[in-house]
Amino acid sequence: MKTIRGGKGLGDSLYVQSVARHLVARGESLRAATTYPEVFKPLGIDCIPFTRVGIQILAHYSTRKAKATTQFEDCCITAGIKEPVELKLDWRVTDRELTERLLWHGKPIVLVQLPRDPMGRLDGFGAELLPDCERIQRAIDVVHGRALTVQVGAGRPLFAFRGIDIDLSNKTTVSQLLDVASAATAAIGYVSFVLPMCESLDKKALLVWSRRGLKSKTQYIRQITPQKVVHRPDLVTSVLDGKDDDIDAAAESLLR
């Protein structure tokens, strides 16, 4: 049995799950080193706590930041896979009462990501990745009333959105978060776990990008671009956070 790992975050685990899914379908016997074992439930494989020791398959993008591939493609290449891999999570709802309570409203469910410290860092690294939250607010305003807006995520809130119908931030397990996402129509957020989550579940997403992040003096941050990070442009719309960027049309597209 081989042990596979990627990065430590939830988004990283979603990438690794798809890589593992592909390898398991090929007949590989795997276990995952992860902080988020819930993500691997659909595969029925064993999980161990996240570690960088004793790993036979690395599915990470960190060494290929400058390459003209997407982050997910980088995970596959690093894992030694040459053929195309589907970014997909075969999720089965675990808390049907929760999802039915949301669906009862009879409106499209649009998730809104909690504005928190980017990458979960508390030391300020990557702070430029958080876009102007008033621009995310504008997207919320566009869908408000026609969709059920549900805030999700975990961490210290850095901005209080207006017009949120249900606030589930810091109130769900990882499994419940994926339950809610599987019932949703779309999500509004910024570069984070929301992106691979939506891409894995075949959901639309509107990502608002920080102009400061794209012009960061730190190369690592500057390389986090829509072209590099978005793997499913058929699902994901990217808009910059400037006041002259047409976020209204992008938000409208979530409900079509």
Side-chain angles (χ1 to χ4, degrees), residues 6-19 22 58-89 111 113 115-121 125-133 135-136 138-139 181 186-254 256:
K8 198 172 184 179
L10 176 55
D12 298 312
S13 289
L14 288 162
Y15 285 145
V16 176
Q17 186 278 151
S18 286
V19 175
H22 184 83
L58 179 65
H60 207 337
Y61 50 79
S62 59
T63 61
R64 294 180 52 86
K65 296 284 288 183
K67 303 294 184 180
T69 44
T70 68
Q71 282 193 160
F72 178 62
E73 289 171 338
D74 293 338
C75 291
C76 299
I77 292 168
T78 305
I81 302 173
K82 296 180 180 180
E83 65 271 19
V85 178
E86 187 177 22
L87 179 53
K88 185 175 179 62
L89 176 64
L111 307 185
Q113 183 187 355
R116 59 167 174 81
D117 296 288
M119 299 186 287
R121 298 281 292 256
F125 181 79
E128 313 104 294
L129 290 172
L130 184 67
D132 178 355
C133 289
R135 299 307 291 157
I136 299 178
R138 177 59 193 170
I188 299 170
Y190 53 95
V191 60
S192 66
F193 73 89
V194 166
L195 174 59
M197 182 175 74
C198 286
E199 291 179 321
S200 297
L201 293 172
D202 207 35
K203 306 293 181 178
K204 292 182 180 180
L206 167 56
L207 289 195
V208 182
W209 290 80
S210 165
R211 289 174 180 262
R212 290 193 307 136
L214 296 173
K215 297 177 181 178
S216 174
K217 294 180 181 179
T218 304
Q219 184 181 28
Y220 182 90
I221 301 300
R222 195 169 61 248
Q223 289 176 324
I224 301 175
T225 66
Q227 294 77 17
K228 184 62 180 178
V229 179
V230 175
H231 186 69
R232 294 282 309 273
D234 57 314
L235 292 174
V236 181
T237 300
S238 295
V239 179
L240 299 183
D241 64 351
K243 292 184 178 180
D244 55 337
D245 293 303
D246 190 3
I247 202 166
D248 291 40
E252 285 285 353
S253 70
L254 298 179
R256 295 195 195 111

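Atom set for the values below is all heavy atoms of this structure, side chains included, hydrogens, waters and symmetry mates excluded. Since the model is a prediction, treat every value here as computed from it, not as a measurement.
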| remark: C133 and P115 have their tightest heavy-atom pair at SG-CB, 3.8 Å
| Can you tell if the side chain of L214 reaches within under 4.5 Å of the side chain of L240, non-hydrogen atoms only? | yes
| I136 versus P131: any side-chain heavy-atom pair under 4.5 Å? | yes
| For E83, does the CD atom have more than 12 heavy-atom neighbours from other residues, nucleotides or ligands under 6.0 Å away? | yes
| Any idea how Y220 and F125 line up, ring-wise: parallel (<30°), tilted (30 to 60°), or perpendicular (>60°)? | tilted
| request: Would you mind reporting whether V194 and L111 have side-chain heavy atoms less than 4.5 Å apart? | output: no
| Would Q113 and S192 satisfy side-chain hydrogen bond (donor to acceptor under 3.5 Å, both in side chains), going step by step from the backbone distance to the final call? | CA-CA 9 Å; Q113 183 187 355; S192 66; 2.9 Å; yes
| Hey, are D132 and R212 close enough for a salt bridge, meaning a charged N less than 4.0 Å from a carboxylate O? | no
| remark: By ring-ring contact (aromatic ring centres under 6.0 Å, His included), H22 pairs with (sequence neighbours left out) none
| message | Tell me whether K204 contacts the main-chain N or O of S253 through its side chain, where contact means a donor paired with an acceptor under 3.5 Å. | response | yes
| remark: Distance col, row R222:CZ vs K217:NZ, nearest 0.5 angstrom, shows 11.0 Å
| said: Let me confirm one number: the CG-CG distance from D234 to D202, rounded to the nearest 0.5 Å. | reply: 7.5 Å
| message | Using the rule given for side-chain contact (heavy atoms from CB on, under 4.5 Å), can you reason through Y190 versus L130, listing the C-alpha separation, both sets of side-chain angles and the distance that settles it, and then say yes or no? | response | CA-CA 7 Å; Y190 53 95; L130 184 67; 3.7 Å; yes
| task | Please step through side-chain contact (heavy atoms from CB on, under 4.5 Å) for the pair D12 and F193, ending with a clear verdict. | result | CA-CA 8 Å; D12 298 312; F193 73 89; over 6 Å; no
| said: Strictly distance-based, threshold 3.5 Å: is any side-chain N or O of R64 a donor or acceptor partner for the main-chain N or O of I77? | reply: no
| Any sub-3.5 Å donor-acceptor pair from E199's side-chain atoms to R232's backbone N or O? | yes
| CD1/I188 to OG1/T237 distance, rounded to the nearest 0.5 angstrom? | 11.0 Å
| task | Apply side-chain contact (heavy atoms from CB on, under 4.5 Å) to the pair V19 and F72, showing each step before the final yes or no. | result | CA-CA 9 Å; V19 175; F72 178 62; 4.1 Å; yes
| field | Heavy-atom donor-acceptor pair, S210 side chain to E128 backbone, under 3.5 Å | value | yes
| Whether S200 side chain and L89 backbone form a donor-acceptor pair below 3.5 Å | no
| Looking only at heavy atoms, what is the nearest atom pair of P196 and G11, with distance? | CG-CA, 3.7 Å
| said: Measuring from atom CG of L207 to atom CG of L195, what distance do you get when rounded to the nearest 0.5 angstrom? | reply: 5.0 Å
| said: Taking the side chain as everything from C-beta on, heavy atoms only, tell me whether D246 gets closer than 4.5 Å to V239. | reply: no
| note | Nearest heavy-atom approach of V85 to S18 is CG1-O, 3.8 Å
| said: Using every non-hydrogen atom in the two residues, find where T69 and K228 come nearest and quote the distance to one decimal. | reply: O-NZ, 2.8 Å
| Do other residues, nucleotides or ligands put more than 12 heavy atoms under 6.0 Å from K65 NZ? | yes
| note | Here the gap from C76 atom SG to E86 atom CD, rounded to the nearest 0.5 Å, amounts to 11.0 Å
| Do W209 and D245 have side chains that get closer than 4.5 Å, going by heavy atoms? | no
| Would you say V208 and R138 make side-chain contact, with heavy atoms under 4.5 Å? | no
| Between CG of D241 and CD1 of I247, what distance do you get to the nearest 0.5 Å? | 8.5 Å
